[in-house]
Each structure stands twice: as C-alpha cells, then as structure tokens.
Amino acid sequence: MSDGKNPAAKRNPSNSLAPLAKYKLVFLGDQSVGKTSIITRFMYDNFDRHYQATIGIDFLSKTMYLEDRTVRLQLWDTAGQERFRSLIPSYIRDSSVAVVVYDVANRASFLNTTKWIEDVRAERGNDVVICLVGNKTDLGNDKRQVSTEEGEERARKDGLLFMECSAKAGYNVKSLFRKLATALPGSTDSAANGSSQQTSNVVDIKLSAAPANVDEAKSCDC
C-alpha cells in the first residue's frame, strides 16, 4: 500500500525530498497597535480582549498552502516599547517581510511608522518586502485619525504593500497574509513582476474577499 499512497512523489521523487521554503516575517510598530492581535487572529482565528504587552520578542510558525507551493511562515512579534528597541534590528536583519502596523485611530502611531520603515531599510535595503498595515478599522470613521487614502498614498510613495484590517473583527487578516505570501521571493506572482518592479505593482488594497466591508466602513456614521 505504501507504494501507491503518493503517485506524484513516485513519478518525481525529488518532490518528496524538497525542503519546505521558510520565510521570516517580522512585525513592527508602536505599542498597542495590534501586532500580536493580527498574528493571533491569523494563527488561531480568535481575538483576546485582555491585552498584554509583548515582552521582548515572541515567535510563532505556520504552514501556508498556496496555489503554486507550500511555505512555512515564521512570525516574529516584536515589542513596541522603546526599551526593547535595541533588540529589533537583529530580528530585521534576515527577514523576508517586514509588516509595519499602525492604529488607524492613533495618528502618532502612523507618523511613527517612518522610523520603523527606516530601521528596516537600514538593515535590509531593498531586499525585503515591506507592508504598511492600518489596524482597528472596526472602531469606525468617527474615531479614525488616518484615512485609507492617506495610508495608501504613503505606501505608494515609499514603495510598500498596503492594507487595512481589523484583528478584532477578523476583517482582511487572511487577505493580508495571502498578499504577503504572494509577494514572497520565489512565488509565481513575485517572479512575474520582478523584484525591481515589485514596489510599483503591489500597492492594492482591493485584494479583500469582502470589499463590501470597506464600503460599509466608509459610509458608517456610528
């Protein structure tokens, strides 16, 4: 029976021996913007209302099955407090993706993304995918301090991926990780675009499987 379990592997034995591609994703941003909550929503599809600040660096890993390949995502959750700032460059150094998160209801956290992006560029230059993520869209427009258009324009100007999401509501989190996985080195889409063209082609906030939520958020007066 063992010979017939995997006919594809039998035809091409190298498939079964190929190592699983691993990519390091480091999450950056000020304290309380929701880095841990985004990771938790992706990993376990839940939201912890009892927030506890990340101390130092946390690590989680998850296998993601894509249309063209399977990848192992290593998620590094960094602390946003200034006292842990000196630890972060060493974790950025060998990362494939940097996810810079801000709170759409906290303008200071958006302005501070500049320093996080500068840290990434200082360590990795252009050899890294950077995604700017506005979290907490569930708070509604009345509490917004950063518009979708402003976040999108910032991303376009700096050559970043961009997406808004809500870890609490679960909105756009899976789409965010699909977008990150598609942009990873070696993926079909990233290879087609070419690394030099990546920044001009990847800014697209309409990836969400439920774009109606964006329209509802824009018209929400609550």
State, with a plain yes or no, whether a side-chain heavy atom of [X] is found less than 4.5 Å away from one of [Y].
X	Y	answer
Val104	Leu139	no
Ile130	Arg121	yes
Leu66	Arg178	no
Glu150	Phe110	yes
Val26	Val97	no
Glu152	Glu164	no

What distance do [X] atom [atom1] and [Y] atom [atom2] have between them, rounded to the nearest 0.5 Å?
X	Y	atom1	atom2	result
Lys179	Leu184	NZ	CG	13.5 Å
Leu180	Leu73	CG	CG	8.0 Å
Asn172	Met163	CG	CE	5.0 Å
Leu28	Lys115	CG	NZ	11.0 Å
Ser61	Leu75	OG	CG	7.0 Å
Asn106	Gln31	CG	CD	11.0 Å

Search all heavy atoms of [X] against all heavy atoms of [Y] and return the closest pair with its distance.
X	Y	result
Phe162	Ala155	CB-CB, 3.5 Å
Glu123	Ile92	CB-CG2, 3.8 Å
Ala98	Val120	CB-CG2, 3.7 Å
Arg41	Lys168	NH2-O, 2.7 Å
Ser96	Tyr23	OG-CD2, 3.5 Å

Compute whether any side-chain donor of one residue and acceptor of the other, for [X] and [Y], lie under 3.5 angstrom apart.
X	Y	result
Ser166	Asp138	yes
Ser90	Arg93	no
Asp103	Asn135	no
Arg154	Thr113	yes
Asp77	Thr36	yes

When Asn112 is tested against each of Val33, Ile117, Asp30 for side chain to side chain contact (heavy atoms under 4.5 Å, CB included), which residue passes?
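Among Val33, Ile117, Asp30, the one that satisfies the side chain to side chain contact (heavy atoms under 4.5 Å, CB included) with Asn112 is Asp30.
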
With a 3.5 Å distance limit and no angle check, can you tell me whether Gln145 reaches the backbone of Ala105 through a side-chain donor-acceptor pair?
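Present.
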
Measure from NZ or CZ of Lys174 to the centre of the six-membered ring of Phe42 and say whether it is under 6.0 Å with the direction within 45° of the ring axis.
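That pair does not qualify as a cation-pi contact.
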
With under 30° as parallel and over 60° as perpendicular, where do the rings of Trp76 and Tyr91 fit, or are they tilted in between?
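Because their plane-to-plane angle lies in the 30° to 60° range, the rings of Trp76 and Tyr91 count as tilted.
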
Applying side-chain contact (heavy atoms from CB on, under 4.5 Å) to Phe27 and Ile38, what does each step give before you reach the verdict?
CA-CA 10 Å; Phe27 284 72; Ile38 290 173; 4.3 Å; yes

For Val146 and Tyr102, run side-chain contact (heavy atoms from CB on, under 4.5 Å): C-alpha distance rounded to whole Å, both residues' side-chain angles, the deciding distance at 0.1 Å, then the answer.
CA-CA 10 Å; Val146 184; Tyr102 66 93; 3.9 Å; yes

Run the numbers on Leu20 and Val71 for side-chain contact (heavy atoms from CB on, under 4.5 Å), then give the verdict.
CA-CA 6 Å; Leu20 186 65; Val71 297; 5.8 Å; no

Given side-chain contact (heavy atoms from CB on, under 4.5 Å), test Val133 with Val100 step by step and report yes or no.
CA-CA 6 Å; Val133 177; Val100 181; over 6 Å; no

